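Inspection log for the structure reproduced underneath, given as structure tokens.
As the structure is a prediction and not an experimental result, all values here were calculated from the model. Lettering of chains follows the sequences in order, A, B, ..., and the numbering in each one begins at 1.
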Amino acid sequence: MAKYNHKKIEAKWQKYWAKHLELFVAKDKSKAEKQYVLDMFPYPSADGLHAGHVESYTATDIVSRYWRMNGKNVLHPQGWDAFGLPAENYAIKTKTHPAIMTERAIKNFKRQMNMMGFSYDWSREVKSSDPAYYKWTQWFFLLLYKNGLAYKAKAKANWCPKCQTVLANEQAEGGVCERCGSPVVQKDLEQWFFKITDFIENKDRTSGLISGLDKIDWPESTKAAQKNWIGKSEGAQFRMRVIARSEATKQSRDNGNSAGSPRPATAGARDDDYLEVFTTRLDTVFGMTFALIAPEHKLIQGLKPQITNWGEVEKYISETKKKSELQRIAEVKEKTGVELKGVKVINPFTKQAIPLFASDFVLAHYGTGAVMAVPGHDQRDFEFAKKFKLPIVEVIKPTSPQPSPYKGEGWVNLEKAFVEDGVLINSEKYNGLTSEQAREKMTQWLEKEGIGKRTINYKLRDWLVSRQRYWGAPIPIIYCDKCGEVPVPEKDLPVLLPTDVDFMPHGESPLARSKKFQDVKCPRCGAPARREADTMDTFVCSSWYYFRYADPKNKKEFASKRMLKKWLPVDLYVGGAEHVVLHLLYSRFFTKVLHKLGYIDFDEPFLKLRHQGIILAEDGRKMSKSLGNVIAPDSVVEQYGADALRMFEMFMGPLEDMKQWNTKGIVGISRFLEKVWKMKSKIQNKESGIKNKEIESLLHKTIKKVSEDVEMLKFNTVISAFMILLNAMEKEENISLIHYSKFLILLSSFAPHIAEEIWSQLGHPSTKLRVSKKSIFTEKWPEYDKNLIKEETIELVVQINGKVRAKLSVPADIFEQEAKNLSLSDSGIKKWLAGKEPKKVIFVKGRLVNIVV
RNA sequence: GGCUCAGUGGCGGAAUUGGUUUACGCGCACGACUUAAAAUCGUGUGCCGAAAGGCAUGUGGGUUCGAGUCCCACCUGAGCCACCA
């Protein structure tokens, strides 16, 4: 028999499937139950598909084919995350327009996807750089704008003075420009934000970004990462009075400054005179020996007249300003800061005056931008105190049996702060309380005194969506001298991205250089106005694409309500773990906005989420072009075929595990497929004498195993089950056509080409042996017969004290008493017992007997 | 530092969720076919031991008739986040 020629056969069926789109399209009009199986749409890079793409796309392809054959109406689309920085940078490097290279890359991606035999519904393909698509990205911007969820504010951006461009954080690592190596500076720019922080907690009937996680089937680690990113912390906020060294200085300043605007005359009533701090550890407040303030904090400027070392302070502030956040983080090793001499703050609990320092490890944008410093019980404060020789006081004692880290002579001997909860000491009337009790009592006291309150803070900040870049969706806003900021009317969408713009970096948003693009009439008053020149973050494009697949051609809406109701939410979403935070969080935000505004009736977009594990190169390192260890799908397909590559990647290990490529391993799969191919010669079409009971029973067990494991995405064990069945069939002289066809249907979801070819060579047998001319993918998934997988006899394991001492062949439904009698009278067991009386005999039905002596 | 996960043969990995540890595949060894090799097929393959048997799921304890699986402590590794008060 001819060997299996994967090249010829795979090409043949890919051509056939391309002509028979009806096999894989999602049916808008079908009444069958839907199943939405989605891949994260890829960024079409010039490098083409990599091993990780193949892995996750094969997984969803198998699941999609499985559900289709189970009668579900499956939506399995694919599209392109085409806008973005990589394309623009590549364009700048090669001086080719990003649209051209994006088109080229998409063509290549699509060729490779077809080469892998993926059953996408290409009739729903979307591309984020297509005006028909980004029209709706802009519409979403306006939707948020009109509902008060998009706003403009000043924000810092990484700026490379040499390249004259804004850099993303990952391009400015270490505080230097990725491309030219010059130091990055912080530049204040007016930028657009989305109010994602509005959706952290539940809103009316819309679940929040935190609590919504409880009802979806996502990996624990991903949920944890999202929660961690949101960073909710509960504590208290309170004010501390700021005093000058002498009240006299203060009075004179007050008189001088408040000439024009009448302020309350009472000293200390001015806002500037209070330092507001946030803490989660109010129980440690008696250990506060100084306070810290962010250098950017505006209170510092207000205190300027009272600060006696202003020159020093100003120098520190300007040094901080130059540093990017990344540089600050890189300098974690050593704390820096400067005392604001001439002022002190009053700890409201102890009434003591303590010094105030500005330090760049205090973040201006988190909490109140100032903190109480408790060096005894906070590691960062501890390091700061050591450096500036500030007093350290113990106010929390570990609950026994842990010994206190304070050894005798105060802070000099202390190695690090004790940061856990404990029992209060040196805290006046709060002594003896546990940390938890103290926090409660102290918060109550603050509220009673009117100087503080219970407060919740989040790390999550609003989403900055402006990009001073070319290759993105333009922000649909117009600036008019008379009317101010005016949204582009919906009927004027899309705001087209000009194709003839110079996208080389020049120090401003590239769109600002196009007069044709910029100069417009104000939609409100008709006066000359100009367009917003910034584009949107690509994450905006990818936050809603899964809605578009439901109704990709709709010109009136991003998707009709009817189609959204039919197809959404996504039942299974598979993609890389690098999107654990941003993409997934932003998508959830968009979904929650739509839910709140009544567009959809669900508030979580992805019901079940899984990440494919990284596939490492053969050398155990990450695949990378520079290391020259990349496994390109094309060459593997060339040598072994797409079916072999698909199955091998599924066989390597659990979908979510990190796996190492091993070229030797693929021959196992290759051999398996070759054996499947050869099996044809054993097929007997006659019904007589070919109903092999054992094979039939094993086949039905396999059907059960494969069905269950595919639903749980345990593809590696499915393939092992295929091999077990095939190995058993190989030992037989003849194989029934019915058995073989059912096996082929199971296999077709994993190895579609070879299955389709054998199916057609066999004369397209349906499972009932009726000849049909159809593709194997029109077949129904086989069902298993419970009676056929029931074992009649089992191997009963007999243990003595938990150790296997005998195995008896007994009827599967043996009763307890009989099993025990049989075991105890077995000659081998008798020998082991040597006359000893069993203390106890355990019986596990269908499994074992354990004799305890 | 925080969170999340993992540790089973020479290797990738199975294990009915508390019940025969090592399925399936790779590799290796021996054999068949061949002038020979490749391919293919067959047999074997956790460790110690001649055998009887004993010992094995990172380490140490615990719960249990019984633990890879559950609990506690520790060791090692990975991924993500990280000066968030």
Side-chain angles (χ1 to χ4, degrees), chain A residues 3 219-233 235 237 277-282 284 292 294 325 328-329 331-333 335 359-363 365-374 377-381 383-384 416 419 457-461 577-578 580-581 611 613-614 647-648 651-654 656-669 671-672 674-675 678 705 708 714 716-727 730 795-807 838-853:
Chain A
K3 273 196 82 166
E220 269 319 305
S221 56
T222 306
K223 289 187 184 182
Q226 294 233 334
K227 280 186 192 158
N228 180 51
W229 190 260
I230 294 166
K232 180 176 184 170
S233 38
Q237 189 171 321
V277 296
F278 170 72
T279 180
T280 54
R281 290 299 305 274
L282 190 58
T284 65
L292 291 160
E325 204 157 307
R328 283 212 214 170
I329 289 163
E331 283 167 10
V332 174
K333 318 137 234 164
K335 298 275 180 288
S359 177
D360 68 1
F361 86 82
V362 180
L363 306 170
H365 51 72
Y366 182 76
T368 60
V371 295
M372 65 178 214
V374 183
H377 303 284
D378 180 283
Q379 189 54 28
R380 296 152 301 180
D381 299 346
E383 285 162 22
F384 193 90
K416 59 178 191 186
V419 297
N457 266 311
Y458 304 93
K459 287 192 225 173
L460 183 69
R461 282 175 269 160
E578 67 273 18
V580 144
V581 182
H611 308 294
I614 296 173
M647 287 192 81
F648 180 55
F651 189 57
M652 285 168 75
E656 309 205 41
D657 284 14
M658 185 184 275
K659 293 162 287 260
Q660 195 170 329
W661 183 269
N662 177 0
T663 301
K664 273 186 186 152
I666 199 169
V667 304
I669 295 293
R671 284 175 195 156
F672 166 79
E674 197 66 49
K675 284 181 201 169
K678 281 193 198 143
K705 170 95 180 146
E708 287 169 355
K714 289 167 70 176
N716 53 334
T717 51
V718 170
I719 293 171
S720 138
F722 284 154
M723 287 169 168
I724 292 168
L725 176 61
L726 191 77
N727 289 347
E730 276 216 301
E795 199 178 50
L796 183 74
V797 170
V798 186
Q799 300 179 326
I800 297 178
N801 289 336
K803 288 202 170 141
V804 181
R805 294 305 182 193
K807 290 172 186 179
K839 279 188 205 136
K840 201 173 173 186
V841 182
I842 310 278
F843 173 71
V844 181
K845 200 174 180 334
R847 234 164 259 296
L848 58 76
V849 170
N850 188 16
I851 303 164
V852 186
V853 290

Kindly indicate whether the side chain of [X] and the base of [N] share any N or O donor-acceptor pair separated by less than 3.5 Å?
X        : N     : answer
A:Glu795 : B:U20 : yes
A:Arg671 : B:U40 : no
A:Lys227 : B:C3  : no

Say you pick atom [atom1] in [N] and the same atom in [M]; how far apart are they, in whole Å?
N     : M     : atom1 : answer
B:C70 : B:U57 : P     : 15 Å
B:C83 : B:G18 : C1'   : 45 Å
B:G46 : B:A15 : C1'   : 16 Å
B:G25 : B:A14 : C1'   : 11 Å
B:U69 : B:G62 : C1'   : 15 Å
B:U22 : B:G68 : C1'   : 11 Å
B:U63 : B:A73 : C1'   : 15 Å
B:G61 : B:G42 : P     : 46 Å

Nucleotide opposite [N] in a Watson-Crick or G-U pair, distances under 3.5 Å:
N     : result
B:G46 : B:C55
B:G9  : none
B:G1  : B:C81
B:U64 : none
B:U22 : none
B:U16 : none
B:A36 : none

Return no unless some side-chain N or O of [X] is found under 4.0 Å from OP1 or OP2 of [N].
X        : N     : answer
A:Lys840 : B:C65 : yes
A:Lys459 : B:G2  : no
A:Thr717 : B:C24 : no
A:Asn662 : B:G27 : no
A:Lys803 : B:C55 : yes
A:Asn716 : B:A14 : yes

Between A:Ala373 and A:Asp381, the two heavy atoms sitting closest are CA-OD2, 3.2 Å
Taking all non-hydrogen atoms of both residues into account, name the closest pair between A:Ile669 and A:Phe648 and its distance.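 Heavy atoms of A:Ile669 and A:Phe648 come nearest at CG1-CA, 3.8 Å.
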With side chains defined as the heavy atoms from C-beta onward, is the minimum distance between A:Gln799 and A:Val804 less than 4.5 Å? yes
Parallel, tilted or perpendicular, as decided by the 30° and 60° cut-offs, for the rings of A:Phe384 and A:Phe361: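 Geometry flag for A:Phe384 against A:Phe361: tilted rings.
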Among [options], find the nucleotide with the atom closest to the side chain of [X].
X        : options             : result
A:Arg847 : B:G19, B:A23, B:C83 : B:G19
A:Thr280 : B:C80, B:A85, B:G25 : B:A85
A:Asn850 : B:A85, B:G19, B:C24 : B:G19
A:Met658 : B:G27, B:A78, B:A85 : B:A78
A:Glu220 : B:A82, B:U40, B:C5  : B:C5

With a 4.0 Å cut-off on heavy atoms, is A:Val797 in touch with a base, just the backbone sugar-phosphate, or nothing at all?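 Result for A:Val797 = base.
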Select from A:Val667 and A:Val852 the residue whose nearest nucleotide in RNA chain B is closer to the 5' end of that strand.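 The 5'-side residue here is A:Val667.
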